[in-house]
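Before any comments, here is the structure.
Everything quoted here is computed from the prediction, not taken from an experiment. Residue numbers run from 1 in the order of the sequence given.
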Amino acid sequence: MVALETKPNISNIENDRRILELLAQTFPTVSAASTEIINLEAILNLPKGTEHFVADLHGEHEAFRHLLKNASGNIKRKVTDLFGKSLREKQIRQLCALIYYPEEKLQEIHDTEPNPEDFYNITLHQLVSVLQSVSSKYTRSKVRKALPKEFAYIIEELLHESPSDYDKQAYFNRIIETIISTGQADKFIVAMCNVIQRLSIDRLHILGDIFDRGPGAHHIMETLAQYRKWDIQWGNHDILWMGAAAGNDCCIANVLRISLRYGNLATLEDGYAINLLPLATFAMETYADDECECFKPKPLAGDVQHSEKTLRLMAKMHKAISVIQFKLEGAMVEAHPEWGMSSRRLLDKVNFTDGTVEIDGKIYAMKDFNMPTVDPADPYVLTREELHLLHKLHRSFVSSTQLRRHMDLLLSHGGMYGVYNSNLLYHASMPMNADGSLKDVEVAGATYHGRALMDRIDMLLRSAFNNDTPADERSLARDYYWYMWCGPDSPLFDKNRMTTFERYFVADPEAAREEKGHYYTLRNDEKVVDMILDEFSVKGDQRHIINGHVPVRTGKGESPLRANGKLMVIDGGFAKAYHKTTGIAGYTLIYHSSNFELVEHEPFNSVEEAIANGTDIVGSTKMVEQTSRRVCVRDTDMGAVLQGQIDELSELLFAFRNGIIKERAPEA
């Protein structure tokens, strides 16, 4: 398109005429087009919105909900900047707790506050100041869209007036007094707090693994269903659930096994109405006299406490589905020799007489070799009872409307990778050779590497949910979900093998050792990181790769920053099962218009404690990079889109003024 100050090319105008005619329907006059250009130019010069990066939530819905409410400490930082010299630390914490949980905090205040009118007056003034601060980088139009309709006009008036302005002081104060006198203070406070939360983060990026371990992945998905601007780069645990929803029986067995391993049945039963009764009945009959010692749920299984009887039943169910899983996976490996995973067929290597198993040519003693459904002569065949059970479980997964709705959200908002404002996001890895070159990986009969590999995988996985895809391709896509979960060249796994069988059955830890791909070492090299960024056409003076997947062992001195700060790993371990390993409860990353901040989190105890004591989960915050200048909307991906719109409108102005397109009279 042609900018105003550039000499126009008439042939280009003629080529673009159809587009300009359509644009003229929205902007029918020189005045309308000019006004929109002025508006867009003004937006380009605003500071960019704040971006929030999180990873590996693993079902910890309460901690996630709190992160959204406190914007990883961004709200407290704003409150402290405003009131740090006039309020004590305890008062700041209490004000923040009100902003995070307004309904609950107000109920507590009603029970203890002797002078509610004073409280309302002070608090409303404070909230107006906080909202003015968090909304300052947005246009009035954008702020207006975030306001609740019933209070939109009043909040707008308060936002754009100042109680310190002598001429407007009485006007401002009278609005506050009337809110209180009409009994609307509680509703108004709740509305203000919700808008503060909403405007504190402009976009949420999730670097994978919403599912497994914690009890509330379905709650996280429901929260996201109502959230405004978010994206997700699929993680290996998300892919596992997507594969299960698509009807991959290996994925279904793995989902069930992991849920039972961590004592988490809430997501399956309450979230997605998966009927576990057939599995429980089968397990009780098949392993009635087996203690299933190796299959007892992890002691740290979220906040749900199970009885001893329930734990014993879950151990039997856990073992039953694990054996079925190993049978299914053996058949899957045999059906796909091109995946090079034959070493994962281990049931035929078990000696049921002396209780040993041969792995990579070495004989190991087994902790448990009671597998009554395994026929040593044909170990991968499912018994009639197992087939019947699997049919019921399969039907339960593929017919769950709630599960499918949540998987559709992952498909519509997610992908294998994302590029946003000079940041390349993907969950885990990029398959690489030892020399630092990108590795060629075979997918559906052709080889790909780097960006082409990620694009091909993304397209293949989506086809499993597309009814227009040919049946053979859909079948391959369903199978490929399992390969993405545990295949050696999967960008979401990238290890030589997944040693699930060994961890259950073999005491020697050497048998369960997994070797990571070359990426996990090479990502420390700045030249390698730059090469990957170039592969994905990531531009900018300050560009980064941001990953999750591998918990950062902060307690052992590991740093989330690699390659001279060009690569950031922000999986600090939100799942309670990781807290002992990492020493913290997760990292998040905040990208302001002037810097990157890395936020280290402490374990989240409860909403009740956060409300009562104003406790938070932000352990420490440190600036990891200062931008060379304040980043404006003009410098972002959205800025490029807006600039394109300005160029088109500028061309429309030229067409109007030179009679190429006629102005239209405004409609009556």
Applying side chain to side chain contact (heavy atoms under 4.5 Å, CB included) to Asp637 and Val641, what does each step give before you reach the verdict?
CA-CA 7 Å; Asp637 300 335; Val641 173; over 6 Å; no
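- The cationic atom of Lys48 (NZ for Lys, CZ for Arg) lies less than 6.0 Å from the six-membered ring centre of Tyr591 and within 45° of the ring axis.
- Side-chain contact annotation: Tyr272 with His406, donor-acceptor N/O pair under 3.5 Å present.
- The aromatic rings of His66 and Tyr100 sit perpendicular, their planes meeting at an angle over 60°, well past the 30° parallel limit.
- Between Phe53 and His205, the ring centre distance stays below 6.0 Å.
- Under the side-chain contact (heavy atoms from CB on, under 4.5 Å) criterion, Thr80 pairs with Lys76, Ile92, not counting sequence neighbours.
- The closest side-chain donor-acceptor pair between Asp212 and His58, if any, does not fall under 3.5 angstrom.
- Atom CG of Leu642 sits about 5.5 Å away from atom CG of Leu44, to the nearest 0.5 Å.
- Between Asp202 and Lys142 there is a salt bridge, since a side-chain N of the basic residue sits under 4.0 Å from a carboxylate O of the acidic one.
- Donor-acceptor pairing under 3.5 Å is lacking for the side chains of Asn74 and His52.
- Residues Arg174 and Glu177 are paired through a salt bridge, judged by an N-O separation under 4.0 Å between the basic side chain and the carboxylate.
- Residue His237 holds its NE2 atom at 12.5 Å from CG of Leu57, rounded to the nearest 0.5 Å.
- Under the 4.0 Å criterion applied to side-chain N and carboxylate O atoms, Lys105 and Glu108 are assigned as salt-bridge partners.
- The pair Lys229-Glu51 does not meet the salt-bridge criterion, since no charged nitrogen lies less than 4.0 angstrom from a carboxylate oxygen.
- Contact of the Met192 side chain with the Val128 side chain is registered, since non-hydrogen atoms from C-beta on lie closer than 4.5 Å.
- The 12-atom threshold is not exceeded at CZ of Arg140, counting heavy atoms of other residues, nucleotides or ligands nearer than 6.0 Å.
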Take Asp458 and Trp234 through the side chain to side chain contact (heavy atoms under 4.5 Å, CB included) test and state the conclusion after the steps.
CA-CA 10 Å; Asp458 190 296; Trp234 300 326; 3.9 Å; yes
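- For Asp270 and His218, the side-chain atoms include no donor-acceptor pair closer than 3.5 Å.
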I'd like to know whether Asp238 forms a side chain to side chain donor-acceptor pair (under 3.5 Å) with His427, so could you lay out the CA-CA distance, the side-chain angles of the two residues, the decisive distance to 0.1 Å, and finally the verdict.
CA-CA 10 Å; Asp238 306 316; His427 176 64; over 6 Å; no
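- Taking CG of Asp408 as the start and CZ of Arg405 as the end, the distance is 9.5 Å to the nearest 0.5 Å.
- Aromatic ring pairs are classed by plane angle as parallel below 30°, tilted from 30° to 60° and perpendicular above 60°; the pair Phe596 and His544 is perpendicular.
- One distance of note links CG of Leu98 with CD of Glu103; it measures 10.0 Å at 0.5 Å rounding.
- Between Phe172 and His125, the ring planes lie tilted relative to each other; the angle falls in the 30° to 60° range.
- Interatomic distance, Leu561 CG to Ile570 CD1, rounded to the nearest 0.5 Å: 11.5 Å.
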For Tyr426 and Asn547, run side chain to side chain contact (heavy atoms under 4.5 Å, CB included): C-alpha distance rounded to whole Å, both residues' side-chain angles, the deciding distance at 0.1 Å, then the answer.
CA-CA 6 Å; Tyr426 51 86; Asn547 290 163; 3.3 Å; yes
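- Between the side chains of Glu117 and Asn115, no donor-acceptor pair is found at a separation under 3.5 Å.
- Annotation: the span from Leu652 atom CG to Leu23 atom CG amounts to 5.0 Å, rounded to 0.5 Å.
- Between Asp635 and Arg629, at least one side-chain N (NZ, or NE/NH1/NH2) sits under 4.0 Å from a carboxylate O, which counts as a salt bridge.
- Around the OH atom of Tyr153, the shell of radius 6.0 Å holds no more than 12 heavy atoms that belong to other residues, nucleotides or ligands.
- Within a 6.0 Å radius of NZ in Lys187, other residues, nucleotides and ligands contribute 12 heavy atoms or fewer.
- We find that Arg634 and Glu41 are joined by a salt bridge, their nearest charged nitrogen and carboxylate oxygen being less than 4.0 Å apart.
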